[in-house]
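Shown next, in structure tokens, is the structure this report addresses.
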There are 2 protein chains.
Amino acid sequence: MNKLQYTRENLADTLRRHGINPTHQRIEIAHALFSRQAHLSADQVMAIVNEKHSETSKATVYNTLNLFRQKKLVREVIVDPSKVFYDPNMEPHYHIYNLESGELTDIDASSVRISGLPQLPGGVVAEGMDVVIRVRPESDNNS
Amino acid sequence: MNKLQYTRENLADTLRRHGINPTHQRIEIAHALFSRQAHLSADQVMAIVNEKHSETSKATVYNTLNLFRQKKLVREVIVDPSKVFYDPNMEPHYHIYNLESGELTDIDASSVRISGLPQLPGGVVAEGMDVVIRVRPESDNNS
DNA sequence: GATGAAAATTAGACAGAGTCCAATTCCTAC
DNA sequence: GTAGGAATTGGACTCTGTCTAATTTTCATC
Ligand SMILES: [Mn+2]
Ligand SMILES: [Mn+2]
Ligand SMILES: [Zn+2]
Ligand SMILES: [Zn+2]
């Protein structure tokens, strides 16, 4: 499925293919997301990118993640009311969200069949569908 | 479907049935949500409850909405990264979210059929499933 | 009706995510 | 190497939501 290594060179090409000028900061942010194939918050991206030596500002992290989203290089996952997650997996897929741990897991969409959705109201076009299964550890009476 | 009027008296009974002590503030907050049958943010609830004369603090609005959620009187809808919506409709249903206007519309779940979802990982139990169709006005190249 | 304890409410300080802006730095084309 | 547009930066700012200690309300018991 993932044919190529996430080297800086390959990532720069990917950025160019998405119409994004591949700067040093942008490549590092892309590397953080793609090499891990994980759902990361802006804060987590910031920490990863600056762990060796500080080199990318908060403003740039937010600017870049929004740019990536606009250019459809990553998608946003809105499940935690306190922060957005960024997902480098653009294949159609759904999520399991553990309310206790905050852990976010992918569900492959190819096996899932959804039918009976109504017509959309006029004048709008669907941009995507999010499916989130909220789960809790067994026998947990809280929150 | 909604057999009874949302009078303060009936709402007080509903609160009691959910194990919630029906105080003046809690009844007003319930009334804001149920009489409108709308998806409201904490801020909107606050504005409605205080529009005649200020009588409910921000802390109480947040406390009460969280209490209602715990007691399963309302549900949270997480679609806007900047705020949570509270939904008095506890019937299984899904949502259409207009990314441009922020408008949130219900989709009746009874006609929707979802199959092929994988087994949940062990040790967790599903608390619910959220389905959100993100839409945009036709021919809108932005955001 | 007074008394006291538990429950609820409150103002305002606080925290964290995300945005904005003006100043600086970086790239690229000449 | 110069000019100009693009990108980055620190830090102030906004907004949603939480926390806390003080006050008010509720309610059972005398
Ligand atoms: Mn570096
Ligand atoms: Mn009133
Ligand atoms: Zn994912
Ligand atoms: Zn709804």
Side-chain angles (χ1 to χ4, degrees), chain A residues 8 11-12 15-16 18-32 39-50 53-71 73-74 76-87 99 102 104 142-143, chain B residues 8 11-12 15-16 18-32 39-50 53-71 73-86 99 102 104 142-143:
Chain A
R8 265 76 176 169
L11 286 168
L15 295 194
R16 271 183 220 102
H18 282 79
I20 299 165
N21 193 357
T23 65
H24 178 69
Q25 286 90 335
R26 287 168 178 176
I27 291 170
E28 290 304 317
I29 291 171
H31 188 257
H39 308 94
L40 300 179
S41 66
D43 230 42
Q44 291 175 308
V45 169
M46 177 98 174
I48 291 166
V49 160
N50 288 330
H53 49 286
S54 180
E55 58 182 311
T56 306
S57 70
K58 184 170 64 145
T60 296
V61 170
Y62 279 97
N63 287 345
T64 300
L65 290 171
N66 279 319
L67 179 66
F68 284 5
R69 176 183 47 74
Q70 277 170 38
K71 298 296 192 179
L73 183 63
V74 304
E76 281 183 354
V77 184
I78 318 281
V79 281
D80 182 328
S82 77
K83 61 170 77 83
V84 171
F85 288 102
Y86 291 88
D87 189 345
L99 292 157
L104 198 52
N142 355 349
S143 203
Chain B
R8 266 73 178 173
L11 286 167
L15 296 192
R16 272 184 218 99
H18 282 79
I20 300 165
N21 194 356
T23 66
H24 178 68
Q25 286 90 336
R26 287 168 179 175
I27 290 169
E28 289 304 316
I29 290 170
H31 187 258
H39 308 93
L40 300 179
S41 66
D43 230 42
Q44 291 175 305
V45 169
M46 177 99 175
I48 291 166
V49 159
N50 288 332
H53 49 286
S54 179
E55 56 181 312
T56 305
S57 70
K58 183 170 65 148
T60 296
V61 170
Y62 279 98
N63 287 345
T64 299
L65 291 171
N66 279 319
L67 178 66
F68 284 5
R69 176 182 48 73
Q70 278 171 38
K71 299 294 192 179
L73 183 62
V74 305
R75 65 153 94 179
E76 283 183 355
V77 184
I78 317 281
V79 281
D80 182 327
S82 77
K83 62 170 78 83
V84 171
F85 287 103
Y86 292 88
L99 292 157
L104 197 53
N142 358 350
S143 202

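Since the structure is predicted, the reported quantities are computational estimates derived from the model, not experimental observations. Residue numbers start from 1 in every chain, and the chains themselves are labelled A, B, ... in the order their sequence lines are given, proteins ahead of strands.
In this structure, the CG atom of B/Asn66 is 15 Å from the P atom of C/dA8, given to the nearest Å. When rounded to the nearest whole Å, the span between CD of A/Glu76 and C1' of C/dG18 equals 11 Å. Look at CE on B/Met46: it is 12 Å from P on C/dG12, rounded to the nearest Å. In this structure, B/Asn21 atom CG and D/dA28 atom P are separated by 10 Å, rounded to whole Å. Residue A/Asp43 contributes atom CG, which lies 15 Å from atom C1' of C/dT19 at whole-angstrom precision. Per the geometry, CG belonging to A/Leu67 stands 13 Å off C1' belonging to D/dT8, to the nearest Å. For B/Arg26 and C/dA7, the CZ to C1' distance is 8 Å, given to the nearest whole Å. If you measure from atom CD of B/Gln70 to atom P of C/dA8, you get 12 Å, rounded to the nearest angstrom.
Side-chain N/O atoms of A/Thr60 include one lying less than 4.0 angstrom from OP1 or OP2 on D/dT9. When the side-chain nitrogen and oxygen atoms of A/Gln25 are compared with OP1 and OP2 of C/dC26, none of them lie within a distance under 4.0 Å. Distances shown here put a side-chain N or O of B/Tyr62 below 4.0 Å from the OP1 or OP2 atom of D/dG17.
Contact check for A/Val61 versus A/Val49: no side-chain heavy atoms found under the 4.5 Å cut-off. In this structure, the side chains of A/Val45 and A/Tyr86 stay at 4.5 Å or more apart for every pair of heavy atoms.
Picking from C/dT10, D/dG17, D/dT8 the nucleotide with the shortest atom distance to the side chain of A/Thr23 gives D/dT8. Candidate nucleotides D/dG17, D/dT9, C/dG18 were compared by shortest atom distance to the side chain of B/Val84, and D/dG17 ranks first.
Across every non-hydrogen atom of A/Ile27 and A/Pro22, the tightest pair is CD1-O, 3.8 Å.
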Residue pair A/Asp87, A/Glu76: steps toward the side-chain contact (heavy atoms from CB on, under 4.5 Å) verdict | CA-CA 6 Å; A/Asp87 189 345; A/Glu76 281 183 354; over 6 Å; no
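In this model, a side-chain donor or acceptor of A/Lys58 finds a partner on the base of C/dG18 within 3.5 Å. Below the 3.5 angstrom threshold, one finds no donor paired with an acceptor across the side chain of B/Lys83 and the base of D/dG17.
Position along DNA chain D of the nearest nucleotide to A/Thr56 versus B/Ala42 favours A/Thr56 as the more 5'-ward residue. Comparing B/Pro81 and B/Thr64, the nucleotide of DNA chain C nearest to each residue sits closer to the 5' end for B/Thr64.
B/Ser41 comes within 4.0 angstrom of no nucleic acid atom, judged by non-hydrogen atoms across all strands.
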